[in-house]
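Below is one structure, written out as structure tokens; the observations come after it.
What you see is a predicted model; the values in this text were computed from it and never measured.
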Amino acid sequence: MEIQRFEALIDDIIKNRISDLHFGTDEFAYIRNGVGDMSPVPAFGKLTEADIAAIVSYIIARPFTERTVDASYERSGTRFRVNISRTIRGVTLAFRMIPSKIPEPESIGLPKHLLDLTVAEKGIILITGPTGSGKSTTMAAMLEHVNRTTQKHIITLEDPVEFVYENAKSLIHQRELGKQFENFPDGIRSILREDPDVIVVGEMRDLETIRAAVTLAETGHLVFSTLHTNDTVQTVDRIIQSFPPDEQSQIRMQFSLALRCVISQVLLPKADGAGRVVAREIMLNNDSIRNLIIRGETHHMYSVLEISKQEGMILMDDAIIDLYRRKYVAKETILKYVRDKDRIAMLTEGT
């Protein structure tokens, strides 16, 4: 394949603000449109194995020999996160466009009380959700708020680097997995010698990384990280259950003290078809949440979220119904995404 043809497609993706581009062996290219649906690009033609190999070599500057690789790609000042993987049919590539400008919190519906948490001296802030739910964007907006409003030393460990920050009031250093550090646990150990105040762990993927992040949050650092979980309560369970049974009692106590908040989010198609809007479930760590974590009674956390709206907490179902009442999403959308369909049916009756 001529790389110029690939670059021309990327230029079209940038021009039309397409969020995702997918390549597969013996398949048409596919894009994800503004409401999240996938559609083929027949005009580009099907990609052969040789086409895929040429694009991969161009992106990572070497042959692809692993099962999967995460990389970054930049074209005309626009950055893409790229995943290269193998399937039963051959190699695939997934491109996710990273906005060139870090969004203002208001533009992505980020409430002020979440920004207020970023001035904490220590603790852990977790942003969770499925792939493509905007976790990186939310974290970038919160981190840029730290950068603009406080005088901190911020170090990020990312896979790959997505948003690129410029020093404002804070000093910020970014590192990419495989380039500036070998793995997250080693990267965390290394930066402890560099006097950080705020540490970003791009994703907590394994027990060693989770253990290190919780310890950092206990010992005078503000830690941001992400997890692929579907709600706030599931996030707490995932953290605790990552540890061996004989350590879970201790980690419950540690995590209950270190946690600042869990933000779980999903992107929903807008009612007018013009893109997507974010819905967020928010859990703030208060005495009730802390005690439930310690006792292992996390299933009761949903009730705490439901009755703690004045503190800034919210269930995902309530966040979605709020979007519906404000006419951002259609009724069929909320019925597809809510957890408690009977309750939502009652709340939307007659609307």
Side-chain angles (χ1 to χ4, degrees), residues 13 16-22 24 27-42 94-99 103-111 114 126-139 141 226-235 237-238 262-283 299 301-309 312-351:
I13 295 297
N16 293 293
R17 301 183 63 82
I18 302 297
S19 65
D20 295 84
L21 169 67
H22 295 262
E27 297 174 349
F28 290 119
Y30 272 74
I31 59 172
R32 188 178 297 279
N33 63 25
V35 296
D37 295 332
M38 299 287 288
S39 58
V41 188
F95 292 77
R96 163 65 54 81
M97 186 191 296
I98 307 301
E104 295 295 330
E106 298 81 7
S107 71
I108 58 170
L110 201 59
L114 291 183
L126 295 174
I127 303 165
T128 78
T131 300
S133 59
K135 297 186 295 296
S136 297
T137 301
T138 293
M139 185 159 67
T226 69
L227 274 173
H228 289 280
T229 48
N230 293 323
D231 67 28
T232 58
V233 177
Q234 186 186 107
T235 300
D237 287 337
R238 174 75 63 83
V262 183
I263 305 162
S264 184
Q265 60 184 56
V266 63
L267 290 177
L268 308 178
K270 288 184 177 180
D272 61 5
R276 292 181 286 176
V277 62
V278 64
R280 293 187 180 93
E281 181 171 275
I282 300 171
M283 175 195 291
H299 57 286
M301 289 179 177
Y302 295 114
S303 297
V304 176
L305 296 181
E306 187 173 0
I307 65 176
S308 301
K309 291 182 181 179
M313 300 198 218
I314 190 169
L315 282 168
M316 180 62 78
D317 284 6
D318 290 330
I320 293 173
I321 198 67
D322 179 62
L323 291 173
Y324 169 70
R325 286 172 170 164
R326 293 159 60 195
K327 303 187 184 304
Y328 281 109
V329 299
K331 189 169 184 176
E332 56 267 26
T333 297
I334 66 172
L335 293 175
K336 179 180 177 182
Y337 282 91
V338 295
R339 182 187 301 113
D340 186 348
K341 290 182 170 51
D342 292 336
R343 176 171 172 265
I344 294 301
M346 178 181 67
L347 290 172
T348 59
E349 189 174 354
T351 63

Could you tell me whether a side-chain N or O of [X] sits under 3.5 Å from a main-chain N or O of [Y], the two making a donor and an acceptor?
| X | Y | value |
| --- | --- | --- |
| Ser107 | Glu104 | yes |
| Glu306 | Leu315 | no |
| Ser133 | Pro130 | yes |
| Arg280 | Pro111 | no |

*Step by step, would you call Leu21 with Tyr30 a side chain to side chain contact (heavy atoms under 4.5 Å, CB included)?*
CA-CA 6 Å; Leu21 169 67; Tyr30 272 74; over 6 Å; no

Can you name the residues that form a side-chain hydrogen bond (donor to acceptor under 3.5 Å, both in side chains) with [X], not counting sequence neighbours?
| X | answer |
| --- | --- |
| Ser264 | Thr128 |
| Asp272 | none |
| Glu27 | Arg89 |
| Tyr328 | none |

_Once salt bridge (Lys or Arg N to Asp or Glu O under 4.0 Å) is applied, do any residues pair with Lys309, and if so which ones, sequence neighbours excluded?_
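Asp318.
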
Can you measure from [atom1] ([X]) to [atom2] ([Y]) and round to the nearest 0.5 angstrom?
| X | Y | atom1 | atom2 | answer |
| --- | --- | --- | --- | --- |
| Met316 | Ile321 | CE | CD1 | 13.5 Å |
| Ile127 | Thr229 | CD1 | OG1 | 11.5 Å |
| Leu110 | Gln265 | CG | CD | 8.5 Å |
| Arg32 | Phe95 | CZ | CZ | 15.5 Å |

*asked:* I'd like to know whether Tyr324 forms a side chain to side chain contact (heavy atoms under 4.5 Å, CB included) with Lys331, so could you lay out the CA-CA distance, the side-chain angles of the two residues, the decisive distance to 0.1 Å, and finally the verdict.
replied: CA-CA 7 Å; Tyr324 169 70; Lys331 189 169 184 176; 3.7 Å; yes

*Decide yes or no for Thr226 and Leu126: does some side-chain heavy atom of the first lie under 4.5 Å from some side-chain heavy atom of the second?*
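They are not in side-chain contact.
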
*Measure the shortest side-chain to side-chain distance between His228 and Thr131 over non-hydrogen atoms and say whether it is less than 4.5 angstrom.*
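Sidechains of Thr131 and His228: in contact.
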
_Closest non-hydrogen atom pair, Ala141 against Pro103_ =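 Shortest heavy-atom separation between Ala141 and Pro103 comes out as CB-O, 3.8 Å.
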
_I need the minimum non-hydrogen distance between Met301 and Val233, along with the two atoms involved._
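Closest approach of Met301 to Val233, heavy atoms only: CB-CG2, 3.6 Å.
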
*Considering the options Ile263, Asp231, Thr235, Thr232, which one meets the side chain to side chain contact (heavy atoms under 4.5 Å, CB included) requirement together with Met283?*
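The passing option is Thr232.
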
Who pairs with [X] by side chain to side chain contact (heavy atoms under 4.5 Å, CB included), at least two apart in sequence or on another chain?
| X | value |
| --- | --- |
| Ile18 | Ile13, Asn16, Ile31 |
| Arg96 | Asp20, Arg81, Ile98 |
| Asp317 | Val338, Arg339, Asp340, Arg343, Ile344 |
| Thr333 | Leu268, Pro269, Val329, Ala330, Tyr337 |

_Before you tell me yes or no, could you show the steps for Met97 and Ser19 under side chain to side chain contact (heavy atoms under 4.5 Å, CB included), namely the whole-Å CA-CA distance, both residues' side-chain angles and the distance that decides it to 0.1 Å?_
CA-CA 5 Å; Met97 186 191 296; Ser19 65; 5.6 Å; no

_For Ile108 and Thr137: C-alpha separation, side-chain torsions, deciding distance, then whether side chain to side chain contact (heavy atoms under 4.5 Å, CB included) applies._
CA-CA 9 Å; Ile108 58 170; Thr137 301; 4.2 Å; yes

